[in-house]
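To keep things clear, I will list the structure first and then write my remarks on it.
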Amino acid sequence: MSDCIFCEIVAGKIPATVVLETAEVLAFRDVSPQAPTHVLIIPREHYDNLTSLVTHNPELAAKVFTAASDVAVLEGLEGGYRVVSNIGDDGGQSVDHMHLHVLGGRSLTWPPG
Ligand code: AMP
C-alpha cells in the first residue's frame, strides 16, 4: 500500500533492525522503544488493523501471534512480557498497518493509560 511506512520497511525502502523474518511475517525493533525489549510484529501483507487481519486472513493472524511468542523466546523474556495491538483512534494506533508490540525486559505497570 502506498504511503504505509511498514509496507516500505517490508519492501526494504526504509531500514529496520529485523529480529525475525518468515515468508509472511516480519519482526523488527521499535524506533522509539518503551521497554528494554520493544519489537513490532507485522504481516508482510498490508492489513489496516487486527480486526481486518483476523476477518480476512485468520491463518496469517495465527502466524503473527506465533512470531510474537517466538520473539519473546529469542529475546530471553523468561520473566514475562506483554503483547499489545493498538486499534483505531481510541486505541492509540499511529501506523495503520496491523502490528503487535512485544514489550519486555522490565516490570510493566497496569492499566495502560
Ligand atoms: P502504534 O502507535 O500502536 O500504531 O505503534 C506504531 C509504532 O511504530 C510506534 O511504537 C512507533 O514508535 C513505531 N514506528 C514508527 N515508525 C517506525 C520505524 N520506521 N521503525 C520502527 N518503528 C517505527
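Values reported hereafter were calculated over all heavy atoms of this structure, with side chains retained and with hydrogens, waters and symmetry mates removed. Just so you know, ligand 1 is whichever comes first in the structure, and atom 1 is the first atom listed for that ligand.
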Donor-acceptor under 3.5 Å ([X] side chain, [Y] main chain):
{"X": "E78", "Y": "A72", "result": "no"}
{"X": "S85", "Y": "H99", "result": "yes"}
{"X": "R82", "Y": "H101", "result": "no"}

So which of I14, I5, L103 gets nearest to atom 16 (N) of ligand 1, if we judge by its closest heavy atom?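 Answer by nearest heavy atom: I5.
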
Quick one: do E24 and K63 make a salt bridge, cutoff under 4.0 Å?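 Judged by the 4.0 Å cut-off on N to carboxylate O distance, E24 and K63 do form a salt bridge.
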
Under 4.0 Å, heavy-atom basis, I'd like to know which part of L40 is in contact with ligand 1: side chain, backbone, both or neither.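 Just the side chain.
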
Between H99 and ligand 1, which residue portion shows a heavy-atom distance shorter than 4.0 Å: side chain, backbone, both, or neither?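 Looking at H99 and ligand 1, just side chain atoms fall under 4.0 Å.
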
Report yes or no: does H101 have a heavy atom closer than 4.0 Å to ligand 1?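 Yes.
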
Does ligand 1 have any atom sitting under 4.0 Å from a heavy atom of G92?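 For ligand 1, residue contact (heavy atoms, under 4.0 Å) with G92 is present.
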
Contact check: [X] vs ligand 1, nitrogen or oxygen atoms, below 3.5 angstrom:
{"X": "V95", "answer": "yes"}
{"X": "Q93", "answer": "no"}
{"X": "H38", "answer": "no"}
{"X": "V31", "answer": "yes"}

Protein contact to atom 2 (O) of ligand 1 [nearest heavy atom, distance to 0.1 Å]: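 Nearest protein contact, heavy atoms only, for atom 2 (O) of ligand 1 is S94 OG, 2.6 Å.
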
Students should be able to answer this: which protein heavy-atom is nearest to atom 13 (C) of ligand 1, and at what distance?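 Among all protein heavy atoms, the one nearest atom 13 (C) of ligand 1 is D30 OD2, 3.3 Å.
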
Taking all non-hydrogen atoms of both residues into account, name the closest pair between C7 and H46 and its distance.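 Reported closest heavy-atom pair: SG-ND1, 3.5 Å.
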
Taking C-beta and beyond as the side chain, do L26 and V18 meet within less than 4.5 Å on heavy atoms?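 They are in side-chain contact.
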
Are side-chain heavy atoms of P15 and F28 found at a separation under 4.5 Å?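 P15 does not reach F28 side chain to side chain.
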
List every atom of ligand 1 that sits less than 4.0 Å from any heavy atom of S32, numbering the atoms from 1 in the order shown and giving each element.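 Close to S32: 12 (O).
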
Please identify which atoms of ligand 1 are closer than 4.0 Å to at least one heavy atom of F6.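 Close to F6: 8 (O).
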
Is there a ring-ring contact (aromatic ring centres under 6.0 Å, His included) between H97 and Y47 once you walk through the steps? CA-CA 6 Å; H97 182 130; Y47 291 91; 8.3 Å; no

